[in-house]
2 protein chains.
Amino acid sequence: MDSQQRPLAGPHRSAFGAIVLDDVDRRLLSELERDGRISNKELAALAGIAPSTCHARVRALRESGVLRGFHAQVDPEAVGRGLQAMIAVRLQPSARARLAEVAHRLAQRPEVRDVYLLAGVDDVLVHVAVRDSPELRAFVLEHLSTRPEVAHTQTSLVFEHVHAPGTASL
Amino acid sequence: MDSQQRPLAGPHRSAFGAIVLDDVDRRLLSELERDGRISNKELAALAGIAPSTCHARVRALRESGVLRGFHAQVDPEAVGRGLQAMIAVRLQPSARARLAEVAHRLAQRPEVRDVYLLAGVDDVLVHVAVRDSPELRAFVLEHLSTRPEVAHTQTSLVFEHVHAPGTASL
DNA sequence: TATGAAACCTACCTAGT
DNA sequence: ACTAGGTAGGTTTCATA
């Protein structure tokens, strides 16, 4: 009787090492992206599995690194960071080797929300949220334009930032 | 005995309508940004308040709109979106009035993770996550470069995206 | 490996200070 | 407005199929 089908399996790892997810996993991820605080019981019902099974699946997704974490989304204005900007940064060619280092140092700053390392005319894109324009100016001066490894910066104000909570289901 | 001090108050609204948070609120937000699934009991302990007080505070923060939501963070590679790109979009001057409309339509697409509306040489910055470069090419063609309202696009591959889970505490 | 039940723990509400 | 207590419900573990 080894020909019996296996209806559910949870996250696997392929021969090459890539994670393989089934439809149930994708459904769980999709719902957790939509609502990170959904109860295990409700999540199980949405996925059509038992709560205990759901719990084990979510744990496996966490431990395999597919689920990286859960975070609250806070209104920037309420915490005194109502002004957002995107800063394109070009490094000196000689400093390109330290690109990752520079980027991760920037990411440590409280003003910084995102750092994108790019392949293009600009090397880095820095998304910041600050209180006002003097604070923005101070940040650019202190951490970017006066740095020896930075060749050029271009700052654009962000009128609106629409974050689309991922779509693992599609 | 009306001279007794009021040690804690929770989120207020100032005369102008802006939300005013105290140190405890900021601590709660900071911890919830770090770990959106922390238990109410543990959160209360970190903030130095009683669990029931903590529960009421968090509820008030949700209802006032300061806490916008909770979302899981998923590894893009695991869900078949290992290729990220940033696309700078410039609209036709005549189409600038429809900027918000265009941006929100883009944000509906499953490939789109972020849409930034800018004040600068480019009007919009679109952060996308796709499976491979044919899918990237198809997205740019179908939703951007062949559109009449789009004057120019410039696509840069994203080597790495560091998202800094906000810092409401500072 | 998925399930179902049992023990533990947490969230939530009510009342009191 | 914070604290304390009680109840209902959820999470987690474990034995079973």
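Residue numbers start from 1 in every chain, and the chains themselves are labelled A, B, ... in the order their sequence lines are given, proteins ahead of strands.
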Kindly write out the residues that satisfy ring-ring contact (aromatic ring centres under 6.0 Å, His included) with His143(B), not counting sequence neighbours, or none if the list is empty. Phe139(B)

Check the distance between dA8(D)'s C1' and Lys41(A)'s NZ and give it to me in whole angstrom. 11 Å

Taking 4.0 angstrom as the limit, do Arg57(B) and Asp22(B) come out as a salt bridge? yes

Does a salt bridge link Arg37(B) with Glu31(B), judged by any charged N lying under 4.0 Å from a carboxylate O? no

Roughly, in whole Å, what's the span from CG in Asp25(A) to C1' in dA2(C)? 14 Å

Under 4.0 Å between a side-chain nitrogen and a carboxylate oxygen: does that hold for Arg90(B) and Asp122(B)? yes

Under 4.0 Å, counting only non-hydrogen atoms across every strand here, what does Ser39(B) touch: a base, just sugar-phosphate, or nothing? sugar-phosphate

When you measure from the side chain of Ser52(A), which nucleotide among dC13(C), dT13(D), dA11(C) comes out closest? dT13(D)

Is the distance from OP1 or OP2 of dC2(D) to the nearest side-chain N or O of Arg57(B) less than 4.0 Å? yes

Whole angstrom is fine here: how far is it from CG in Leu43(A) over to P in dA2(C)? 14 Å

Protein-nucleotide distance (Arg37(B), atom CZ; dA11(C), atom P), rounded to Å: 12 Å

Ile49(B) CD1 to dA1(D) C1': how many Å, rounded? 11 Å

Starting at CD of Glu42(B) and ending at P of dT10(C), how long is that distance when rounded to a whole Å? 9 Å

Send over the distance from His55(A) NE2 to dT12(D) C1', rounded to a whole Å. 5 Å

Within this structure, what is the CG-to-C1' distance between Asn40(A) and dT13(D), rounded to whole angstrom? 13 Å

